[in-house]
Peer 1: 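My questions all concern the structure below.
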Amino acid sequence: MEERYNPQAVEEKWQKRWEQEGTFTCNEDGKKPKFYLLEMFPYPSGRIHMGHVRNYSIGDVVARHKKMRGFNVLHPMGWDSFGMPAENAAIENKIHPATWTRTNIATMKKQLQRMGFSYDWQREISTCEPEYYRWEQLFFLWMLKKGLAYKKEALVNFCESCQTVLANEQVEGGLCWRCQKEVKQKQLEQWFFRITQYAEELLTDTDKLTGWPEKVLTQQRNWIGKSVGCHVYFPMENGTEALSVFTTRQDTLFGASFMLIAAEHPRVTEIAKGKDNEAEVIAFVKKVKKQDRVLRTAENYEKEGVFLGCHCINPLTGKKMPIYAANYVLADYGTGCVMAVPTHDQRDFEFAKKYELPLIVVIQPPDKALNITTMTEAYTEEGVLVNSGQFNGMKNTQAMEIIADYLEQEGKGKRAVQYRLRDWGISRQRYWGAPIPLIYCDKCGVVPVREEDLPVLLPQGVQITGEGKSPLATLPEFVNTTCPQCGGPAKRETDTMDTFVESSWYFNRFCSPKEEKAPGLNTQKVHYWMPIDQYIGGIEHAIMHLLYSRFYTKVLRDLGVLNFAEPISRLLTQGMVCKESLTCPEHGYLYPNQVENSRCTICGREVVVGKTEKMSKTKKNVIDPDTLVQLYGADTVRVFCLFAAPPEKDLEWSDQGIEGSYRFLNRVWRIVMEHLDLIADIEKYHGNEDLPEPLRNLRKKTHQTIRKVSSDLEDRFRFNTAISAIMELVNALYLLEKSHDTLTRRVVRETVEAILSLLAPIAPHIAEELWGRIGNKDMLVTSQWPDYDRNVASEEEITIVIQINGKVRSRIAVPADENEENIKKTVHEDERIIRALADKILVKEIYVPGKLLNIVARD
RNA sequence: GCCUGGGUGGCGGAAUAGGUAGACGCAAGGGACUUAAAAUCCCUCGGCGCUUGUCGCUGUGCGAGUUCGAUUCUCGCCCCAGGCACCA
């Protein structure tokens, strides 16, 4: 009896071999072209889930394929190991974040190794270790020196009952997730990176990112949100400091009939001071501060405001404009003040109607006359200026520049560019992050930690309760220090850095993971490998992680560390693996294995099936691949993940179908074993003579499959269709009758080799095993990707579709090089076409070479 | 709400430059092999209709449009997902 496919044995054997031989260890020297392939490193949340497996299976196919294509491939893996879940685990299970994190890393590393991914594990990094974050602290100091890091007040979510700062994720419907009390906004001094200084470069460089998906670039451009307009100065009637406004609609300036200031803007309380309704204003400001920032500016959100008892002057009309504090204006965009033009802005229109404020039409549409008493909505289209003094009669689009010129001449305004992008707040009032290396001295102020004193280590002995101030602030031995400048007593900064900082430069560190000299990056090595040739990760990182990484790269360039401006040449954003979340009314989110017959296994209550969303530890809607690996082996899991959908598409998880992938690998195993004795010691066919038809067809299919799989892997990243094609080739091989004839054996050998080579990046273990069994001495993983012969792959006969008025009526088979004239002749001899055209008049014929002939006919 | 994507059989998906809709696989049904089961192999498989055919109509979220021809392009709508600056 033939030996059966035993994935566990095969996979463990080859994983050991690859490790022993250092197959995936790489270095800089070598004559091959370099290829840096990187997948987004995981947060070590506990166990690998299907989202990771999908991401890393895709990456591994590319890495192994590139290796077979002759590239010197860098394919590293590491851990984005600072973050909130470690602290949550500490609160829940009283386990130290470091212990929890390192245990998770060990587990997940084992899981990844069992998947057979081709990582160079010698380069493994973990961002929570001082060897990593010490350089980040150094970069912080350098950024501070350049003014790229600075401190300012900013709002945080604060729960007064827990006395702690909450992440957005920890606020559920405006309430604290732990105590259900109302969450307040609190002003805190926080550190920021001046990403806005790079806004223009980040924007213009998107044009250079030709290897990025357009949708990601569009999202980044919109996020940066450049708008071109003017600052306009509105003098106060009482002579105090004029209000400066940013507008992109200076053409509507004559229609500005009132002024709006963001409720949380410091100017609001200042202006209202001593006014009759000061108390009312203060109450309003308090109320708005509680409103959700996102909702507040929504189009259909109730617009609210309060009169500040004061006017400013329209600089062009000289008219008095009442000043209101409003909820739909944001303090941190533009100047925080907006000139309201109710006739030509919908939100201002609604506000004006509500508070009975004056309307002035300044743009007249071409087809109708606007009337302020009958208008039901703002007119936001183009038109001709009216009520606009010397600019009357101009098209509003033309008046843009002219009015801007006028404002500049008169000193009443200035052209200006505004970005929606805000500076990157990096302070976190948390323990499990990189400490910000600063010291506060009563005498010297803010003093940077001396470079030679880095790293500022995270202290170990800490109690994490989820309540009270930042954990570091509770440790006197950490907080109390001496000032590096004056030697007097001083206190350390107790905030840690946003974990996005670590992931903004880790790809550089992979190039010299053990570098101990400042700045932790060996320039020669980094410049050999960088930029990343192919980056692969979830679409959910389209904006923040990828934008921060681009920014940080430009900063490191300007700090003289790097010599390039963009870290990623080609980007593949994979869709998410989604699954519905399950919640128990008593126990919250549940893992799939905590549910039986739609009941919670802890308390027996009925579970609520939530919406389908990306797999995450928080939602517990994760699938652990281990059981699948145990059942079917890593190769099957890899094939299944790749076969289920194209990489960019979201994948709603269902384990239906994994049997099919397993069956396919079994079919591959069996067909090779069946032919083993016939093909083991024979050379593959590579001649030119005329073959009998079944062999000719098999060869054709073989070469077509090589062509198809090559282009699917290389150009299209369509692994699902690549696998389909290999399946078809395997099916074709099954249809061939076995024979001892030498020619057949040689052609079969060619096909089998092709199947195994094409399968090598996708299901590497089984391919490697069978490759050895058919008598190859060298490993498949380091062998060459197969070539195809165009002539062998080409079809000698093609099908031409015949349509009448766009509907398929017949098909004819013709030689591939048949000319149009002969095809038309054959078509008109086709019985079904003759019948269909019997009572019709031929109008015209459209011939698409090699594809179809459409006959347009009428009755 | 805003920004960005997506929607094709019972299911996952295919159709690569506007040109054969449903490749490949799953599930289901029928059959072969077997004492039996598993495994394997073969057949059927979008819907409706009939004269059961190399048949007709219909069909790619919904409604319109452009075109000889639209899953593909344009406009409007519905639904789903991602992001919205402290989840990573």
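The sequence lines fix the lettering, A, B, ..., with proteins before strands; numbering per chain opens at 1. This one's a predicted model, so the numbers in the text were calculated from it and none came from an experiment.
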Peer 1: Going by the rule salt bridge (charged side-chain N to carboxylate O under 4.0 Å, His left out), which residues pair with A:Glu820 if we only count those two or more places apart in sequence or in a different chain?
Peer 2: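 Only A:Lys824 meet the salt bridge (charged side-chain N to carboxylate O under 4.0 Å, His left out) criterion with A:Glu820.
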Peer 1: I'd like to know if A:Glu39 pairs up with A:Arg54 as an ion pair, taking the criterion as any Lys NZ or Arg NE/NH1/NH2 lying under 4.0 Å from an Asp or Glu carboxylate oxygen.
Peer 2: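 Salt bridge flag = no for A:Arg54 with A:Glu39.
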Peer 1: What do you reckon, are the aromatic ring centroids of A:Trp505 and A:Tyr132 less than 6.0 Å apart?
Peer 2: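 Yes, close enough.
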Peer 1: Of the nucleotides B:rA88, B:rG82, B:rU16, which has the atom closest to the A:Tyr43 side chain?
Peer 2: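 Between B:rA88, B:rG82, B:rU16, the one nearest the side chain of A:Tyr43 would be B:rA88.
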Peer 1: Measuring centre to centre across the rings, with the benzene-like ring taken for any Trp, is A:Phe664 within less than 6.0 Å of A:Phe643?
Peer 2: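 They do not qualify: ring centres at least 6.0 Å apart.
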Peer 1: Without decimals, in angstroms, what is the distance between A:Ile539 CD1 and B:rC3 C1'?
Peer 2: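 Going from CD1 in A:Ile539 over to C1' in B:rC3 covers 12 Å.
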Peer 1: What residues from residues 429-436 of chain A pass a heavy-atom cutoff of under 4.0 Å to RNA chain B?
Peer 2: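 Residues of residues 429-436 of chain A that come under 4.0 Å of RNA chain B are, in numerical order, A:Gln429, A:Arg430.
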Peer 1: Has A:Gln418 got a side-chain atom pairing as donor or acceptor with A:Ser227's backbone, closer than 3.5 angstrom?
Peer 2: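 No, because the side chain of A:Gln418 does not come within donor-acceptor range (under 3.5 Å) of the backbone of A:Ser227.
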Peer 1: Pick out which of A:Trp424, A:Tyr419, A:Phe551 makes a ring-ring contact (aromatic ring centres under 6.0 Å, His included) with A:Tyr198.
Peer 2: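 Exactly one pass, corresponding to A:Phe551.
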Peer 1: Could one point to a donor on the side chain of A:Arg832 or the base of B:rU54 with an acceptor on the other under 3.5 Å away?
Peer 2: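 Side chain to base: no pair below 3.5 Å.
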Peer 1: Any chance the rings of A:Phe640 and A:Trp653 have centres within less than 6.0 Å?
Peer 2: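 Centroid separation for A:Phe640 and A:Trp653: below 6.0 Å.
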Peer 1: Whole Å only: how far is the CZ atom of A:Arg716 from the C1' atom of B:rA15?
Peer 2: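 About 10 Å, once rounded to whole Å.
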Peer 1: Is any side-chain N or O of A:Arg422 closer than 4.0 Å to OP1 or OP2 of B:rC86?
Peer 2: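 For B:rC86, OP1/OP2 do not have a side-chain N/O of A:Arg422 under 4.0 Å.
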Peer 1: Taking atom types as they are modelled, would you say the side chain of A:Gln190 forms a donor-acceptor pair with the base of B:rC86 within the 3.5 Å cutoff?
Peer 2: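 For A:Gln190, whose side chain was compared with the base of B:rC86, there is a donor-acceptor pair (under 3.5 Å).
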Peer 1: Give the rounded distance in Å between these two atoms: CD of A:Glu674 and C1' of B:rU40.
Peer 2: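 A:Glu674 atom CD is separated from B:rU40 atom C1' by 10 Å.
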Peer 1: Between A:Ala725 and A:Asp712, which residue's closest nucleotide on RNA chain B lies nearer the 5′ terminus?
Peer 2: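 Comparing both residues, the 5'-ward one is A:Asp712.
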Peer 1: Only stems of 3 or more consecutive Watson-Crick or G-U pairs count here, both distances under 3.5 Å; name the ones for RNA chain B, or none.
Peer 2: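 Result, WC/G-U stems under 3.5 Å: B:1-7 with B:78-84, B:10-12 with B:24-26, B:28-32 with B:40-44, B:46-49 with B:55-58, B:61-65 with B:73-77.
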Peer 1: Name the closest nucleotide to the A:Pro646 side chain, picking from B:rC3, B:rC41, B:rG13.
Peer 2: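 Nearest to the side chain of A:Pro646 among the choices is B:rG13.
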Peer 1: Is the number of heavy atoms from other residues, nucleotides or ligands under 6.0 Å of A:Lys152 NZ greater than 12?
Peer 2: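 Count over threshold, so yes.
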Peer 1: Name the nucleic acid region contacted by A:Trp424, choosing base, sugar-phosphate or nothing; use a 4.0 angstrom heavy-atom cut-off, strictly under.
Peer 2: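 Touches nothing.
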Peer 1: Does the base of B:rC3 carry an N or O that pairs as donor and acceptor with the side chain of A:Asn222 under 3.5 Å?
Peer 2: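 Counting by modelled atom types and ignoring angles, no donor-acceptor contact under 3.5 Å is found here.
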Peer 1: Return yes if the base of B:rU16 and the side-chain atoms of A:Lys708 contain a donor-acceptor N/O pair under 3.5 Å, otherwise no.
Peer 2: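 In this structure, the two groups form a donor-acceptor pair.
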Peer 1: OP1 or OP2 of B:rC24 less than 4.0 angstrom from a side-chain nitrogen or oxygen of A:Arg667, does that happen here?
Peer 2: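 It does not, given that no N or O in the side chain of A:Arg667 lies less than 4.0 Å from OP1 or OP2 of B:rC24.
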Peer 1: Starting at CZ of A:Arg809 and ending at C1' of B:rG69, how long is that distance when rounded to a whole Å?
Peer 2: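 From A:Arg809 CZ to B:rG69 C1': 13 Å.
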Peer 1: Taking B:rU16 as the reference, what is the distance to B:rG53 when you measure between their P atoms (whole Å, please)?
Peer 2: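 Per the computed distance, 33 Å lies between those P atoms.
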Peer 1: Find the distance A:Ile658:CD1 to B:rA27:P and express it as a whole number of Å.
Peer 2: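 After rounding, the gap between these two atoms is 12 Å.
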Peer 1: Out of B:rG25, B:rU20, B:rA81, which nucleotide sits closest to the side chain of A:Phe643?
Peer 2: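 The listed nucleotide nearest to A:Phe643's side chain is B:rG25.
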Peer 1: For A:Asn805 and B:rG69, is the shortest distance between a side-chain N/O and OP1 or OP2 below 4.0 Å?
Peer 2: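 Indeed not, no polar side-chain atom of A:Asn805 lies that close.
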Peer 1: Could you tell me how far apart A:Ile723 (CD1) and B:rC24 (P) are, to the nearest whole angstrom?
Peer 2: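 Going from CD1 in A:Ile723 over to P in B:rC24 covers 15 Å.
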